[in-house]
Asker: 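Sharing a structure with you now.
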Amino acid sequence: MSASSLLDLFESGGGAEKKGTYVEVVLPLPLAKLYTYSVPFHLKEWLQKGVRVEVQLGRQGRYAGLVYSITEEKPAYQTRPIISVLDDFPVVTEEQFRLWEWMSTYYLCSMGELMAAALPAGLKLAGESKLLLAENYEAKPWMQLHQELPGDEALVIEQLQKKRELSLSDIQRMLKLKSVHKLVKSLLDKQLVQLKEELQERYKPKMEDWVALAPPYELNNPSSIKEAFDVIGSRAHKQIDTLMAFMQLGREQKEVRKKELYERAKIDSALLKKLVDKGIFSIYQKELSRLDDYDGEAEGNYALSEQQQQAYESCLQHFADKKAVLLHGVTGSGKTQVFVELMEHYIGQGQQVLYLLPEIALTAQIVGRLQKHFGDQILVYHSKFNNNERVEIWRAVQEGVPIILGARSALLLPFQSLGLILVDEEHDPSYKQQDPAPRYNARDTAVFMAHLHGANILLGSATPSLESYQNALEEKYALVQLDQRFGGLALPKIEIVDLGEQQREKRMHGIFSGHLLDALKETLANGEQAILFQNRRGYAPLYRCKSCGWTTECKDCDVSLTYHKYSNNLRCHYCGYQRSLPKSCDACGSHELEIIGFGTEKIEDELQIFLPDARLERMDWDTVRGKNGHDRLINRFADGQIDVLIGTQMVTKGLDFDNVGLVAVLSADQMLQFPDFRANERAFQLMTQVAGRAGRKKKQGRVLIQAYQAEHEILREVLQHNFQQFQQRELAERRSFKYPPFQRLIKIQFKHKKRDQLLMAAEWGAKFLQSRLGDRVLGPAEPSISRVRTYYLMDLLIKLGRGGKSLRAAKDKIRDMQELLRQKDGLSGLRVVIDVDPY
DNA sequence: AGCACGCCGACT
DNA sequence: GTCGGCGTGCTC
């Protein structure tokens, strides 16, 4: 008997179904469509939209799929039955489905990709989960098992006692069951077993010991207390003291931490154990959320400045009209305090608040500050949390936790009663997801989401994106401004250092101008700190032959390798390829190779020569790897353990230090030369943001920007803190060159390992679209980096007016093109990546 | 994501 | 001459 006929036997349990029930299921995979499964009669009553069902896909893949719709319509193809229903209640809300639908249409991605991005892995349970005995399970004899448990369950436990682990299919085979999920769920509920997936994540909720009076003793019952003292006896002074200390603590707070009792009564675990043994106390454990962990002093609400108060009130006014608000507040103007006030307002009305920040700005600093105000009303969500934590957060949001502070993906959580979304640093490019689909922009999606929930939305930034600013100019958004720094502090004083001039005057010391070195020395002499910004990591971006100009390139990508001194090798920043240094030039054999340019590593290295006593640290992707690397570095800087912090973009985001006297941009030219229509905007934002790190709280800070193009208009605008002029000039340029925010862009990237095939596909695709969309289709063009990770690349750019009609039409054509390319022979191995509103 | 089917190198 | 490398396509 063939394998397929075996499968058929297994599948068609119900015989000839006439009018069965079917479900369309979303699977967490990049599948273009929803898959339809049949529903066995006995599972019908458990079905509802949004619950997960266990289904088989392909030969043996098991997935938790999401029920998207329930229909009577029998599809044309043979269906498989769902195996079980996994939830009693929907895990995904109606609003989430609507959001996914919108995102999949707008960003041209599949529902499955959204599901994969949204659901924490713990809710996706795919593949072969292994079952283990629970950690605290104690082996029991066979007889006892069979008395305590139903036959099947006892059998499984018995096997587990022998074999340590069983896969779900092992169990299925062993018991000849169709579905093992019910059985597994029951065993999990009884806490006899655990799934191995969770074990691998190694997540253990933090537990903390608490102390309570053991029954029958009660704190508020004097006679029972007296009894307790009698039990202790009059000679055990230390124990009497302990009970008294406990009563004192019990009056101050609802519950008593073991740790606190130790401190208050000056006892240790031995003594407490005596009291537990006597039946006076009992110990219980409570899960300690990361966020409760914070034990700082409570901070009173400090009053808003007059300007902040006005901003707050005008936000509320605009919200009453259901308008989105763009809050443009200069660095240091105290936007966060306005946010805090607004958050209070909404949670006071029992609504949820979503506070979005770029991942990297989500530092202990800002989290801590918000915790001071909101305590455990706030939950943090970002990519560093593991599966189990994410499941916990998912559930907490479903149960209505008031505030979620999170990065991009927090948008995909199951909000129940969302009242307000805050998008902080709204200009930040990292709101746009780049690589795996869904390639969504969280800021823009948040605007739709607010609409969906009938919620309000506030976008905040010191350097608003031109998209948002244009929306404000068109009065789609209301604009609220904070143009003064909090506490009347002046904006930092910015100076441009003309590197050409410095060079002519022989005032350069390697990569540092004399100006900069003087300023650094002065700053350190004043006991202040400095931040140096260079948007390039590694030591030097080029390793070049002196005689013929040959450079080392990545074998898989079209880029030069960056020299890293620490590891003494060359690395590709696109694919991670590493190689040792070549001894000689591959092209001409010369042994004279030189390094060109500089990154953060070289700055650190060279600066130490000029400032031998200064404590320097570098902050970039190479130094903050690991879960807390970033926070650790920031804390050390905040503590004054570091004099000069040298970093990439990382140092521009969400940091707030008191003692930074000087900020310097080592080379502004690189930012200005970037081949991208957003280069100017990004340069302005980066420099303004990094300048904003200078001189907070105490006194005016100083900023030095080194550049060869010292006359560049962007530099002048940064220098003058002139956002208005920057924005006007740049918007005019965008308008005349037909770029966002006046036109929408869709980038279609073709990838193929073979260059000829790629060109063929790209040409074909371009023709196809040009014949339907005309001259709105540009290209195909080779991107500036034409090969990445062994794939050659070609880009097609579509520029569209802002009307919804042409957008939808274009997207339909793109989908058609994709479909046709898939079917075309001779083009196997082609990948097409569609990026709507690319960054 | 798995997983099976299908074409090119180092082996008995 | 084969075993197996992963590259490609499909899963309701």
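So that the names make sense, note that chain A is the first sequence line, chain B the second, and so on, each numbered from 1. Worth knowing before you read on, the calculation uses all heavy atoms, side chains too, and leaves out hydrogens, waters and symmetry mates.
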Asker: Expressed in angstrom and rounded to an integer, what is the separation of A/R822 atom CZ from C/dC10 atom P?
Answerer: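 Rounded to whole Å, this separation is 10 Å.
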
Asker: Taking NZ from A/K33 and C1' from C/dC10, how many angstroms apart are they, rounded to a whole number?
Answerer: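 After rounding, the gap between these two atoms is 12 Å.
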
Asker: Is the shortest distance from a Lys or Arg side-chain nitrogen in A/D622 or A/R571 to a carboxylate oxygen in the other one below 4.0 Å?
Answerer: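 Yes, A/D622 and A/R571 are salt-bridged.
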
Asker: Round to a whole Å and report the spacing from CD of A/E24 to P of C/dT11.
Answerer: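 It works out to 17 Å between those atoms.
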
Asker: Using a 4.0 Å heavy-atom cut-off across all strands, classify A/Y37 as base, sugar-phosphate, or nothing.
Answerer: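 Sugar-phosphate only.
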
Asker: Please verify the inter-ring angle class for A/W102 with A/F448; under 30° counts as parallel, over 60° as perpendicular, anything in between as tilted.
Answerer: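 Ring orientation of A/W102 relative to A/F448: parallel.
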
Asker: Give the rounded distance in Å between these two atoms: CG of A/L31 and P of B/dG2.
Answerer: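 Roughly 13 Å, once rounded to whole Å.
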
Asker: Provide, to the nearest angstrom, the distance between the CD atom belonging to A/Q56 and the P atom belonging to B/dA1.
Answerer: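 Roughly 19 Å, once rounded to whole Å.
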
Asker: Under 4.0 Å between a side-chain N/O of A/Y63 and OP1 or OP2 of C/dC12, yes or no?
Answerer: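 It does not, given that no N or O in the side chain of A/Y63 lies less than 4.0 Å from OP1 or OP2 of C/dC12.
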
Asker: Flag the pair A/E819 and A/R822 as a salt bridge only when some basic side-chain nitrogen lies within less than 4.0 angstrom of an acidic carboxylate oxygen.
Answerer: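 Looking at A/E819 and A/R822, the cut-off is met.
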
Asker: A/M115 has an atom CE; how far is it from atom C1' of B/dA1, in whole Å?
Answerer: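 Taking CE of A/M115 and C1' of B/dA1, I get 12 Å after rounding.
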
Asker: What donor-acceptor contacts under 3.5 angstrom involve side-chain atoms of residues 551-558 of chain A, with partners at least two apart or in another chain?
Answerer:
from	atom 1	to	atom 2	distance (Å)
A/D558	OD2	A/S786	N	3.0
A/D558	OD2	A/S786	OG	3.0

Asker: Could you tell me how far apart A/L27 (CG) and C/dC12 (C1') are, to the nearest whole angstrom?
Answerer: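 The answer, rounded to whole Å, is 8 Å.
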
Asker: To the nearest angstrom, how far is A/K751 atom NZ from C/dG7 atom C1'?
Answerer: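 From A/K751 NZ to C/dG7 C1': 16 Å.
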
